[in-house]
Amino acid sequence: MDKLLIRGGSVLKGEVAMSGAKNAALPILCASLLSADPLELGNVPQLNDISTMLRLLGDMGIGVRHEGDDGLTLDGSGLNNPVASYEMVKTMRASILVLGPLLARCGEARVSLPGGCAIGARPVDQHIKGLQAMGAEVTVEQGYVHARASRLKGARICTDMVTVTGTENLMMAACLADGETIIENAAREPEVVDLANCLVAMGARISGAGTDIIRIQGVEKLHGARHSIMPDRIETGTYLCAAAVTGGDIRLTRTSAAYLDSVVDKLMDAGCEIVVERDAIRLTAPAKLKSVSLRTAPYPAFPTDMQAQFMAMNCVADGVATIRETIFENRFMHVSELMRLGANIQIEGNNAIVRGVDRLEGATVMATDLRASASLIIAGLVASGETLIDRIYHLDRGYERIEQKLAALGASVERVR
């Protein structure tokens with residue numbers, strides 16, 4: 001199994017391009033299930049989760065054609081198997097996103113309950129309740145969700161909690177429903193907006209995406225379209241943190257600060273200078289970072305997917321920071337690994353108190369999930385000596401060519417056996 005070897009001490013400098021957003025691409029790939037016409041996509045990241053989703057769609061009869069480095073054409077005319085098997089979805093929670101569009105177009109769906117990162121419970125009950133409100137018959141048997149409906153009916157749905165995949169699933173299902181569907185307490189994430197933009201290009205009638213109330217007027221069918229995936233805001237934030245912790249000066253292209261307000265604000269609080277361009281961001285780090293406290297919450301607040309990266313920054317910053325995680329109950333699993341590198345972190349419930357230390361020292365550590373992997377890379381870049389990160393298959397689920405991109409910025413990073 002591959003590992004990542006980092007030799008710390010390099011200052012990140014230079015320019016590198018960011019990739020398309022995984023969390024936008026996955027639901028948009030599933031949108032291909034809603035139409036028999038081709039869906040042409042650009043800026044699709046090359047990641048393991050994307051490859052898994054494409055194999056799943058292929059098993060259902062969706063034609064997949066690659067167009068250059070980051071282009072795809074998905075042809076839904078051959079859809080003939082509305083089943084997502086356990087073997088296909090066990091490693092990826094986003095697989096539940098096929099449920100809504102399959103049910104809407106085929107009138108039935110059989111989808112295995114998903115697996116994925118072990119960062120806490122992410123139940124699918126909100127998806128099921130929403131589909132039931134739209135008239136679907138839904139049962140859960142032997143680890144599979146079985147859903148049937150001759151045609152879904154528009155409904156008013158108020159989710160018990162803010163759920164990104166739940167909002168996306170119900171929004172896709174509602175596109176082909178009879179009548180108007182209103183989703184209240186909807187997720188406001190930019191990736192939800194990107195999906196809505198793609199669906200509108202396919203002929204859907206959607207308003208309110210990006211707010212907590214989304215209205216969908218159902219149509220008889222959707223058609224083909226072209227759409228380019230938005231930049232990955234979490235990848236962008238991760239590289240900004242890596243530059244900040246090494247005292248670097250980098251420019252990230254093919255990205256935007258439009259969806260990164262909370263992250264940019266915290267980086268500036270830490271002492272970083274940030275220049276925002278139309279499709280690029282430049283960060284210049286201070287001589288010494290200042291600790292920054294934060295609290296994760298749904299968008300537009302600070303993203304849980306950036307919590308681990310900022311914890312790594314705080315490990316070597318000046319002062320004491322409190323990090324409060326409110327989204328996932330198990331998302332401090334990287335703490336023990338950061339402490340192996342010499343970090344001073346104390347856990348109190350869903351709070352982590354991080355006291356900055358003068359230096360970290362390289363060691364062998366284990367990645368427990370995708371964003372934990374990123375935090376260990378950030379810590380390894382500033383640690384003295386060598387840091388060996390095990391179980392880096394998590395990285396390939398969410399960061400495209402990360403060792404090459406870091407190397408282009410001057411880091412000493414290599415994949416080893």
Side-chain angles (χ1 to χ4, degrees), residues 1-12 14 16 18-19 22 45-52 55 90-93 115-119 232 234-246 248 250 305-316 328 330-345 357 359-417:
M1 186 177 293
D2 287 357
K3 302 175 176 62
L4 209 63
L5 179 64
I6 303 173
R7 296 175 179 89
S10 299
V11 176
L12 297 194
V16 70
M18 296 290 94
S19 301
K22 180 193 83 162
Q46 298 180 37
L47 302 167
N48 283 355
D49 276 8
I50 299 296
S51 298
T52 300
R55 289 196 301 272
K90 62 183 179 182
T91 62
M92 186 178 64
R93 287 186 177 270
C117 287
I119 58 172
D232 195 317
I234 304 303
E235 181 193 34
T236 300
T238 298
Y239 280 88
L240 292 175
C241 287
V245 83
T246 64
I250 67 170
D305 279 354
M306 285 301 305
Q307 176 256 106
Q309 297 90 315
F310 267 77
M311 185 179 292
M313 277 180 48
N314 280 324
C315 287
V316 292
F328 296 122
N330 293 340
R331 207 158 202 177
F332 282 154
M333 291 190 292
H334 48 279
V335 168
S336 59
E337 301 304 305
L338 289 171
M339 291 174 68
R340 285 178 55 80
L341 300 175
N344 184 347
I345 307 171
V357 297
R359 57 179 286 177
L360 299 176
E361 295 184 357
T364 298
V365 291
M366 182 178 68
T368 54
D369 60 70
L370 172 57
R371 306 308 173 185
S373 304
S375 75
L376 295 177
I377 288 178
I378 291 169
L381 288 172
V382 75
S384 61
E386 295 183 345
T387 298
L388 185 66
I389 305 176
D390 197 4
R391 295 178 64 181
I392 62 163
Y393 60 83
H394 292 291
L395 279 172
D396 297 326
R397 296 182 54 233
Y399 291 96
E400 183 179 49
R401 300 182 297 106
I402 189 167
E403 59 265 44
Q404 292 96 323
K405 290 185 179 184
L406 286 171
L409 296 173
S412 177
V413 181
E414 64 176 307
R415 193 170 292 230
V416 298
R417 291 281 182 178

>> On a heavy-atom basis, which atom in L341 and which in A379 lie closest, and how many Å separate them?
In response: CD1-CB, 3.6 Å
>> Return the OG1 to CG distance between T387 and L360, rounded to the nearest 0.5 Å.
In response: 8.0 Å
> With a 4.5 Å limit on heavy-atom distance, are the side chains of E414 and V416 in contact?
Replying inline: yes
> In Å, rounded to the nearest 0.5 Å, how long is the span from CD of E337 to CZ of R340?
Replying inline: 6.0 Å
> Hey, does P45 have a side-chain heavy atom less than 4.5 Å from the side chain of I50?
Replying inline: yes
> Taking all non-hydrogen atoms of both residues, which atom of L381 and which atom of A242 are closest, and how far apart?
Replying inline: CD1-CB, 3.9 Å
> How long is the gap from CG on L370 to NE2 on H394, to the nearest 0.5 Å?
Replying inline: 8.5 Å
>> Between H334 and Q307, is there a side-chain heavy-atom distance shorter than 4.5 Å?
In response: yes
> Does the side chain of L376 reach to within under 4.5 Å of the side chain of L4, using non-hydrogen atoms?
Replying inline: no
> How far does OH of Y239 sit from CD1 of I234, to the nearest 0.5 angstrom?
Replying inline: 13.5 Å
>> I need the single residue from R401, Q46, R415 that forms a side chain to side chain donor-acceptor pair (under 3.5 Å) with D396. Which is it?
In response: R415
> Closest approach of A312 and S375, non-hydrogen atoms and distance?
Replying inline: CB-O, 3.4 Å
> Rounded to the nearest 0.5 Å, how far does CG of D390 lie from CG of D2?
Replying inline: 10.0 Å
> Is K405 close to S19 at the side-chain level, that is, under 4.5 Å between some pair of heavy atoms?
Replying inline: yes
>> Please check this pair: side chain of T246 against backbone of L12, looking for a donor-acceptor N/O pair closer than 3.5 Å.
In response: yes
> Do you know the tightest heavy-atom contact between G14 and L409?
Replying inline: C-CD2, 3.6 Å
> For K22, which of D49, D305, D232 qualifies under salt bridge (charged side-chain N to carboxylate O under 4.0 Å, His left out)?
Replying inline: D49
> Any side-chain heavy atom of I345 sitting closer than 4.5 Å to one from C315?
Replying inline: yes
> Would you say the side chain of C241 lies within less than 4.5 Å of the side chain of M313, judging by non-hydrogen atoms?
Replying inline: yes
> Quick one: CD on Q309 to CG on N314, what's the gap to the nearest 0.5 Å?
Replying inline: 12.0 Å
>> Testing the basics here: between G398 and L47, what is the closest heavy-atom pair and its distance to 0.1 Å?
In response: C-CD2, 3.7 Å
> When you look at I389 and I6, which way does the side-chain contact (heavy atoms from CB on, under 4.5 Å) test go after all the steps?
Replying inline: CA-CA 8 Å; I389 305 176; I6 303 173; 3.8 Å; yes
> Looking at R371 and Y399, what are the two nearest heavy atoms and their distance?
Replying inline: NH1-OH, 2.9 Å
> Can you name the one residue among V413, T238, L406 that meets side chain to side chain contact (heavy atoms under 4.5 Å, CB included) with I377?
Replying inline: L406
